[in-house]
Amino acid sequence: MSKQFTHIDCFAGPGGICTGLHAARFKTLVAIEYIKSCCETYQYNHPEVHVIHSDIRNVKKEDIEKYIPEEGVDLVTSGMPCETFSNAGTTSRSFYDDRQFLFREGIRIAKLSKAKMILFENVPGILSKTVAVDDSTLIIDVLKQELEDAGYGNYIEVKLSAVDFGVPQKRVRYFILASRFNKWELSVPTPTHQKPVTVGDALAGLPIVVPNSDRYGTEYTDEESNYSKLMRNLQFWNREGFDGEKIVNHFPMRHKKETLKRFAMIRPGEGVKSLFERLSPNEICKLQEKKVLPKKIFAKRNIRLEEDKPALTVTSHCLDENIHPTQDRALTVRECARLQSFPDTYYFCGPYSVSHDNRNVQDKYEQIGDAVPPLLAYAWGMNISNILNRYCNE
C-alpha cells in the first residue's frame, strides 16, 4: 500500500478539488473558504475535514497547526477567485484590487504547513492580467517570483482542457505545480480520453423532471452510460459511507409560461442571441411585447445544449445560460453537477438562487460553476501521487 498523502485546501469552494483528490486517496486535513454556503456543502460531503469558514487572510498558524503532521503536509491547493482574471466578464476583469494578489495566501499557508508541493488553479486569463492599469508587470510573473522567494522555485505550468480527462465540458484551466525540492522532476497529467464524453452521456439515467412541478417523475432518460455509472460508483469516489441509491438536487426550477415558450423556440446549439438573428424584426417586436423575448440580448443566455457534444464551460451563471438538450427547461442542479463531474451522492447546500452581488453566499448553481471539476482534480491527484511516491520513498 502506498502512503496516504495529506492535503490542505485553500479557497476550497464546495469541494471540487477535495472530491477528486479523495478519489485519488489523498487525505484532506483542512479546508479554508470564505463563502458560508460553500462551507456547508463542503462539510456535508467531507465531514472528516476541518473546515474553516473565514477570509483566508485572517487564518493564522495556530488555526491549523494542530491538524498538520510534524513533518508537514504533502500538498496545498490554491484556486483563488478567478473573476478579476476572467475574459468572460470584462467589467470584473477591469477591477484592480486585492483579489489578484490572493495567490500570496496559498504560498503563505504552504510555508506555514511545510508543504512539499503547491498546486495553483485559475482561468487562462491570469496569464495576461497586469498588476495595475498603468503597469505592464504581469500578475503571473509576480506569482512566479514570489514562489521562488518562498522556496518553491521548482515549478511547472500548463493549460489543461477538462474534456481531455473525461469531463463532459469544454473547460480550459491554467495550473502551476510547484515543489520546494529542486531535484524533484515535476510532471503534468496525461489526457485520459481521446473521445469526448457528451452531454447525452452525462445526463443519461436521470429521471425526467417536469417544469414547475414539486418533484421529478418516475420516467427515466436513456439507459445509463459509462459516465453516468462512474458518477454512481461509490468505490471509485471513495464515498462508501453515502447512499448511492438517492438522486439528490434534481428538482426543476419554476419557469414563467413566456419563458417556456422561448425555450421551445431554441434549437440545439442556439441561444437567445440566435433568435434575434433568425427572426424578423416584426416577429421579435411581437415576442418582446408578449415577454417571450427579453428587451436586451445576452450572448450566453439560454443556450440549448447538444446531446452529441460536450457542454460549453459551466459557469456560475449556468442556471441562466444552459437549456436541457431535449426538454424545454433549465438544467437541474444535479444535471449541472453531472456536467462538472461531481458524483451523484454530492449534495449542494444553500439556496437555489441568490443575487450574484451577494459575496457572503453562493447558490447551488454558483457553487457548481465555480468549482474545479472533480475528474480533473482526480487526474492531478494521481499525477502528484506518482511524484510523491517516487521521491518520498527514496
Side-chain angles (χ1 to χ4, degrees), residues 7-24 26 28-57 59 75-86 88-89 92 99 102-103 105-106 109 118-123 126 160 162 167 169 171 173-175 237 239 249 313-319 333-334 336-343 345-352 354 356 358-381:
H7 165 233
I8 291 179
D9 201 353
C10 301
F11 309 101
I17 287 181
C18 177
T19 301
L21 292 181
H22 198 60
F26 273 74
T28 302
L29 305 175
V30 176
I32 304 167
E33 172 53 44
Y34 175 69
I35 302 295
K36 185 174 185 293
S37 52
C38 288
C39 289
E40 292 169 349
T41 295
Y42 202 115
Q43 195 71 83
Y44 181 94
N45 291 282
H46 303 284
E48 75 285 356
V49 179
H50 177 63
V51 179
I52 299 174
H53 174 213
S54 172
D55 185 323
I56 193 171
R57 290 168 290 193
V59 175
L75 176 68
V76 164
T77 57
S78 180
M80 65 263 195
C82 66
E83 292 90 351
T84 188
F85 305 120
S86 176
S92 183
R99 290 177 299 172
L102 284 173
F103 65 81
E105 298 305 314
I109 296 297
I118 313 173
L119 179 66
F120 286 100
E121 177 270 342
N122 218 280
V123 293
I126 192 175
L160 294 178
V167 181
Q169 179 192 158
R171 186 188 195 95
R173 286 298 183 267
Y174 171 76
F175 296 89
W237 293 106
R239 290 175 66 82
N249 297 139
T313 302
V314 175
T315 75
S316 60
H317 297 273
C318 54
L319 171 60
V333 171
R334 176 51 43 203
C336 289
R338 279 275 187 98
L339 296 178
Q340 273 281 56
S341 76
F342 277 97
T345 54
Y346 212 87
Y347 181 78
F348 291 89
C349 303
Y352 272 91
V354 295
H356 285 209
N358 187 341
R359 290 193 175 185
N360 295 316
V361 65
Q362 282 191 330
D363 61 43
K364 300 174 193 290
Y365 288 94
E366 282 186 272
Q367 292 178 49
I368 293 170
D370 281 350
V372 174
L375 278 181
L376 185 54
Y378 170 75
W380 271 111

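This chain uses plain numbering: 1 for the first residue, then up along the sequence.
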Can you list the residues that meet the side chain to side chain contact (heavy atoms under 4.5 Å, CB included) rule with Val372, with sequence neighbours excluded?
Ile17, Glu121, Ala377

The criterion is side chain to side chain contact (heavy atoms under 4.5 Å, CB included); which residues satisfy it with Ala31, sequence neighbours excluded?
Asp9, Ala12, Tyr42, Val49, Val51

Non-neighbouring partners of [X] that pass ring pair (Phe, Tyr, Trp, His ring centres under 6.0 Å), sequence neighbours left out:
| X | value |
| --- | --- |
| Tyr346 | His46, Phe342, Phe348 |
| Trp380 | Phe175 |
| Phe11 | none |

Contacts of type side-chain hydrogen bond (donor to acceptor under 3.5 Å, both in side chains), residue [X], not counting sequence neighbours:
| X | value |
| --- | --- |
| Tyr347 | none |
| Thr28 | His7 |
| His50 | Tyr67 |
| Arg171 | Gln169 |

Asp363 vs Tyr352, test: side-chain contact (heavy atoms from CB on, under 4.5 Å). Steps then yes/no.
CA-CA 5 Å; Asp363 61 43; Tyr352 272 91; 5.8 Å; no

Exercise: identify the closest heavy-atom pair between [X] and [Y]:
| X | Y | result |
| --- | --- | --- |
| Trp237 | Ser341 | CH2-O, 3.4 Å |
| Gly106 | Cys10 | CA-SG, 4.5 Å |
| Ile35 | Glu33 | N-OE2, 2.9 Å |
| Thr345 | Asn45 | O-OD1, 3.8 Å |

Donor-acceptor check, side chain of [X] to backbone of [Y], threshold 3.5 angstrom: yes or no?
| X | Y | result |
| --- | --- | --- |
| Ser37 | Gln362 | yes |
| Thr313 | Thr315 | no |
| Gln340 | Ile368 | yes |
| Thr41 | Cys349 | yes |
| Thr19 | Pro374 | no |

With rounding to the nearest 0.5 angstrom, report the [atom1] to [atom2] distance, [X] to [Y].
| X | Y | atom1 | atom2 | answer |
| --- | --- | --- | --- | --- |
| Glu40 | Gln367 | CD | CD | 8.5 Å |
| Ile32 | Ile109 | CD1 | CD1 | 4.0 Å |
| Phe103 | Asn122 | CZ | CG | 11.0 Å |
| Cys18 | Ile8 | SG | CD1 | 12.0 Å |
| Lys364 | Cys336 | NZ | SG | 12.5 Å |

Report the C-alpha distance between Val354 and Glu366 in whole Å, list the side-chain angles of each, state the deciding distance to 0.1 Å, and finish with yes or no for side-chain contact (heavy atoms from CB on, under 4.5 Å).
CA-CA 9 Å; Val354 295; Glu366 282 186 272; 3.6 Å; yes

Just so I know, are the side chains of Glu105 and Val59 near enough to count as touching, which here means a heavy-atom distance under 4.5 Å?
no

Assess whether side-chain contact (heavy atoms from CB on, under 4.5 Å) is satisfied between Thr77 and Leu21, documenting all intermediate values.
CA-CA 10 Å; Thr77 57; Leu21 292 181; 4.2 Å; yes

